[in-house]
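The structure appears below as structure tokens.
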Amino acid sequence: MLKKVVILLALVVGVTAAWFAFDLNQYFSFYYIQSQQAAWQQAVQDNPLLVSVIFFAVYVLVTALSLPGAAVMTLAAGALLGVVYGTVLVSFASTIGATLAFIISRYLARDWVQQRFAEQLGTINKGIEEEGGFYLFSLRLIPAFPFFLINIVMALTPIKVWQFYWISQLGMLAGTVVYVNAGTQLSQLESMQGILSLDLILSFVALGLLPLVAKKVVNGIRARRTA
């Protein structure tokens, strides 16, 4: 068991170190997307299946290892693949990646954390066992909570993997649609000043209002549960 943990930890650390050592972040910036947009659009036209598979695999890797770049890739999905196809691709890639991050975190640290902080986590574990799905769904609805942090924290609780997957997919869908839609406008920009288009402003206004709407929904559900 210990040997498997060491191998997994070494693999995660190795890939993460290589990511930063080779400065792969440069390929996940707004400006890089702009500079390569025409080439990528041509690649999508020439071989949409291959591009989709590569995009999907990279997105899963980035989210599974909690590397920076998921937000930019979501915008790129809208710019290159459109709202509908881009949303479908990102929704599944982000959820699968999140679930892998969840599994990795649980495999590496859950037992140690539960033993070390058993008393502190007792209340949390009880709450998760009683209504863990509701807790997770409320967190996924609100983009203000860091994506990677939710994956790690939930891995330390008793919530089941399949439950984590489908609730995450459902809870992140609204935010995914807003980001992908914003990406369709970013694909038309000629400069940074062009960001202030009406459609793009409305997209980000919707994203900004999403936490408020989510809070209302969560409070309403909670009120019904306690009524």
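Linking ILVMFWY side-chain heavy atoms closer than 4.5 Å, directly or via other members, places Leu49 and Phe55 in two distinct hydrophobic clusters. Grouping the Ile, Leu, Val, Met, Phe, Trp and Tyr side chains by contacts below 4.5 angstrom, directly or via other members, places Val83 apart from Val72. Under the 4.5 Å side-chain heavy-atom criterion for ILVMFWY residues, no single connected hydrophobic cluster contains both Leu81 and Val177. In the hydrophobic clustering of ILVMFWY residues, with side-chain heavy atoms under 4.5 Å counting as a link, Val44 and Val53 come out apart.
A distance of 9.5 Å separates CG in Leu61 from CG in Leu100, rounded to the nearest 0.5 Å. Rounding to the nearest 0.5 Å places CG of Leu89 at 9.5 Å from OH of Tyr59. Taken to the nearest 0.5 Å, the CG atom of Leu75 stands 10.5 Å off from the CG atom of Asn181.
Pairing each heavy atom of Thr74 with each of Thr176, the nearest pair is CG2-O, 4.3 Å. Taking each heavy atom of Met172 and Phe147 in turn, the nearest pair found is SD-CE1, 3.2 Å. The minimum heavy-atom distance between Thr63 and Ala101, with the atom names listed, is O-CB, 3.8 Å. Scanning both residues, Val90 and Ala77, for their nearest heavy atoms gives CG2-CB, 3.5 Å. Heavy-atom minimum distance, Leu173 versus Ser91: CD1-OG, 4.0 Å. When all heavy atoms of Arg140 and Ser168 are compared, the pair lying nearest together is NE-OG, 3.1 Å.
Contact annotation: the side chain of Phe164 approaches that of Asn151 to within less than 4.5 Å [non-hydrogen atoms, C-beta and beyond]. Arg106 has its side chain within reach of Ile159: a pair of non-hydrogen atoms, C-beta onward, lies under 4.5 Å apart. Contact annotation: the side chain of Ser105 never approaches that of Leu156 to less than 4.5 Å [non-hydrogen atoms, C-beta and beyond]. Val51 places none of its side-chain heavy atoms less than 4.5 Å from the side chain of Trp40. Looking at Gln36 and Tyr27, their side chains never come closer than 4.5 Å, going by heavy atoms from C-beta outward. Using a 4.5 Å heavy-atom threshold, the side chains of Tyr85 and Pro48 count as separate. In this structure, the side chains of Val62 and Phe28 come closer than 4.5 Å at one or more pairs of heavy atoms.
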Intermediate values then yes/no, side-chain contact (heavy atoms from CB on, under 4.5 Å), Ile150 and Leu136: CA-CA 8 Å; Ile150 295 174; Leu136 176 59; 3.8 Å; yes
Residue pair Ile96, Tyr165: steps toward the side-chain contact (heavy atoms from CB on, under 4.5 Å) verdict: CA-CA 7 Å; Ile96 291 174; Tyr165 175 87; 4.0 Å; yes
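Atom CZ of Phe92 has 12 or fewer heavy atoms from other residues, nucleotides or ligands within 6.0 Å. Tyr32 OH: more than 12 foreign heavy atoms inside a 6.0 Å radius.
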